[in-house]
A.B. asks: 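Got a structure for you, questions after.
Reminder, nothing fancy here: chain letters follow the sequence lines and each chain counts from 1.
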There are 2 protein chains.
Amino acid sequence: MNTRRKSPVNIISTEVHHCSMDLRLKILGRLPFFIDLNPSELMMINQRFNSLGFKKDEFIYYSGDPAERMFVVAEGKIKLFQPGFERRNVLLNILLEGDLFGNLTVFGSSTYTDTAQSLTSSCILSISSQSFGEILKEFPSLAIKSLQVMEKRLIAANKRVFEISTLPAEKRIVVTLLTLVEKVGKQTNQGVLIDAPISREDLAEMTATTPETVSRVMSQFQSSGVIESGRKWISIVDWDAFQQLANVESP
Amino acid sequence: MNTRRKSPVNIISTEVHHCSMDLRLKILGRLPFFIDLNPSELMMINQRFNSLGFKKDEFIYYSGDPAERMFVVAEGKIKLFQPGFERRNVLLNILLEGDLFGNLTVFGSSTYTDTAQSLTSSCILSISSQSFGEILKEFPSLAIKSLQVMEKRLIAANKRVFEISTLPAEKRIVVTLLTLVEKVGKQTNQGVLIDAPISREDLAEMTATTPETVSRVMSQFQSSGVIESGRKWISIVDWDAFQQLANVESP
DNA sequence: CGGTTTATTGATTCCCGTCAAGCAAGGTGG
DNA sequence: CCACCTTGCTTGACGGGAATCAATAAACCG
């Protein structure tokens, strides 16, 4: 059945990216965030940013570090998580090109409350919270956009609290896979691929279960022909059947 | 042991409040949010607000309603929750005097994602999202403050995801009681009272458990002399012992 | 003071976490 | 390019923590 042995997930490359100036300008200009600015304003803002490359699995910052910068994903995929005792982490979010993270609030918190790790090799732009604050004051519409970014995440976090609180493990895994598809889903000739290197353990950390439970649930889905998956990759081959599984009418 | 039969929690009164103009001005002026504004600016902003009284248990808005207003608690206590199937709600937050809720983001979401209900009789100020947006544009520092409010809540929501995911039921209940104490704790001659009408079911909805489990855990705490409690009230009588319970070193 | 809501407690069931062993995939170096 | 080693996935057996069902008791309210 599964003729694909190699993982179909693109992890870009194993080398470190270092973003050129014009790549940075293009990235920033494309962001919904900065899209209303004119070229000269954009240029000025661009100058306040640093860029830095990260290898696969490298850490960008750790929970507890002083929260002095705001980051933007220029290329690659980043995961945010809260480290727990004995490898019991909780995965909070997976970020893509254009997503903001770090300290978005100028003076809000003194230390990061999560850890940021690069899932693929990546290029990250960053700006000091102070400079970001100055930009927000100069362009109030940007502050409102930041507010909307935060609201979206708060709603997602609350949705997740709801799901963990009310759904059994299997449904939690299904709805989590669905949000992953919405975020990084890619149509391929073998179904909808979740285009990020997500392990069973990652899924467990997203769904408040264990890798073993995730494995059992996934095995069942595979044997019923709904998904295909392997080492750090998942593809949904029978979309209709999959949505059936997510039907959250009866808990 | 428990000589107190009546609930010590003050639910203000059963009558509807209607905030007078000068009460409103005082409330708004006291908010960290508006504290930097001068009296005339404050007056101008005050005019954009409506005020409305709610009885105990009355609903302010429902999940799914069009999200057209931003609210401020002037007096009373409000709970926000996500309604689930078959009474399986999830309690998201308890709000006090000065707290903002509703649509804080001007244009962010089209409908409320939670339901707001008055725990006590209360007085609520509100403003249209559009007017609020105009104010934010006029006073960029307010937008940054909104951002910080949102960040704080996002961090709290993530912390809760972490707790639900990693802690056993008893510890979840303890840490939840601790956050309630931080929020509405009141020193009395019989220990630290949680000054809000919180039922076993409310606690269950906050901790992803059931009323029965909460009751069992609370009974144990009562028999070991750490807390006293009754119908919709909880008081921590042995603070040191209670903090021991919250020691989150070994899961 | 009766009716309703909330809390307590017990008995039972079961989902899922834990422990453990075996296997497959992927990367590495000769 | 293949043997080796590491890392991640699978599967089974078992036990425990908490949900469910149910019946009683206490507190509150009109």
A.B. asks: Which whole-number value in Å describes the distance from A:Arg172 CZ to C:dG17 C1'?
C.D. replies: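 It works out to 12 Å between those atoms.
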A.B. asks: Please tell me if the side chains of B:Leu178 and B:Phe242 come closer than 4.5 Å, counting only heavy atoms from C-beta onward.
C.D. replies: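 Of all side-chain heavy-atom pairs linking B:Phe242 with B:Leu178, at least one is under 4.5 Å.
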A.B. asks: Please report, rounded to the nearest Å, how far the P atom of D:dA18 is from the CZ atom of B:Arg200.
C.D. replies: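 Value for this atom pair: 17 Å.
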A.B. asks: Is the centre of the B:Phe54 ring less than 6.0 Å from the centre of the B:Phe59 ring?
C.D. replies: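 So the answer is no for these two rings.
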A.B. asks: Output yes when at least one side-chain N/O atom of A:Thr210 is less than 4.0 Å from OP1 or OP2 of C:dG17, else no.
C.D. replies: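 Yes, A:Thr210 has a side-chain N/O under 4.0 Å of OP1/OP2 on C:dG17.
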A.B. asks: Contact class for B:Ala208 vs. all strands (heavy atom < 4.0 Å): base, sugar-phosphate, or nothing?
C.D. replies: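 Sugar-phosphate: the residue B:Ala208, judged by heavy atoms under 4.0 Å, touches backbone atoms but no base.
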A.B. asks: Do the side-chain N or O atoms of A:Ser199 get closer than 4.0 angstrom to the phosphate oxygens (OP1, OP2) of D:dT7?
C.D. replies: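 Answer no for this pair, as no side-chain N or O of A:Ser199 is under 4.0 Å from OP1 or OP2.
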A.B. asks: Using whole Å, what does the distance between atom P of nucleotide C:dA7 and atom NZ of B:Lys232 come to?
C.D. replies: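 Rounded to whole Å, this separation is 7 Å.
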A.B. asks: Between A:Gln222 and D:dC9, is there a side-chain N or O to OP1/OP2 distance below 4.0 Å?
C.D. replies: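 False: A:Gln222 side-chain N/O out of range (4.0 Å or more) of D:dC9 OP1/OP2.
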A.B. asks: Could you tell me how far apart A:Gln220 (CD) and D:dG12 (P) are, to the nearest whole angstrom?
C.D. replies: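 Going from A:Gln220 (CD) to D:dG12 (P), I get 12 Å.
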A.B. asks: Starting at NZ of A:Lys171 and ending at P of C:dC16, how long is that distance when rounded to a whole Å?
C.D. replies: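 Distance, rounded to whole Å: 12 Å.
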A.B. asks: Could you tell me the separation between the CG atom of B:Leu203 and the P atom of C:dT8, rounded to a whole number of Å?
C.D. replies: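 Whole-Å distance recorded here is 11 Å.
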A.B. asks: Has the side chain of B:Glu212 got a donor or acceptor that lies under 3.5 Å from a partner of the other kind on the base of D:dC21?
C.D. replies: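 Checked by distance alone, the answer is yes.
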A.B. asks: What about A:Arg216: does its side chain form a donor-acceptor pair under 3.5 Å with the base of D:dT10?
C.D. replies: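 Donor-acceptor pair under 3.5 Å: no.
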A.B. asks: In whole Å, what is the span from the CD1 atom of B:Ile234 to the C1' atom of C:dT6?
C.D. replies: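 B:Ile234 atom CD1 is separated from C:dT6 atom C1' by 13 Å.
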A.B. asks: Give B:Ser215 one of three labels, base, sugar-phosphate or nothing, depending on what nucleic acid heavy atoms sit under 4.0 Å from its own.
C.D. replies: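 The residue B:Ser215 makes base contact.
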A.B. asks: Flag the pair B:Asn158 / A:Gln82 as yes when at least one side-chain heavy-atom distance between them is below 4.5 Å, and no otherwise.
C.D. replies: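 A side-chain contact exists here, since the closest heavy-atom pair is under 4.5 Å.
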A.B. asks: Would the base of D:dT7 count as contacting A:Arg231 through its side chain, where contact means a donor and an acceptor less than 3.5 Å apart?
C.D. replies: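 Flag set: donor-acceptor pair detected.
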A.B. asks: Are A:Arg216 and A:Glu212 ion-paired here, with the side-chain N under 4.0 Å from a carboxylate O?
C.D. replies: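 Answer for the salt bridge query: no.
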A.B. asks: Is a side-chain N or O of B:Ser51 found less than 3.5 angstrom from the main chain of B:Leu125, in a donor-acceptor match?
C.D. replies: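 Such a contact is absent between B:Ser51 side chain and B:Leu125 backbone.
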A.B. asks: Would one find a side-chain N or O of B:Thr213 under 4.0 angstrom from OP1 or OP2 of D:dA19?
C.D. replies: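 Yes, within the criterion.
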A.B. asks: From CD1 of A:Ile173 over to P of C:dC15, roughly how many Å is that when rounded to an integer?
C.D. replies: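 In whole Å, C:dC15 P lies 15 Å from A:Ile173 CD1.
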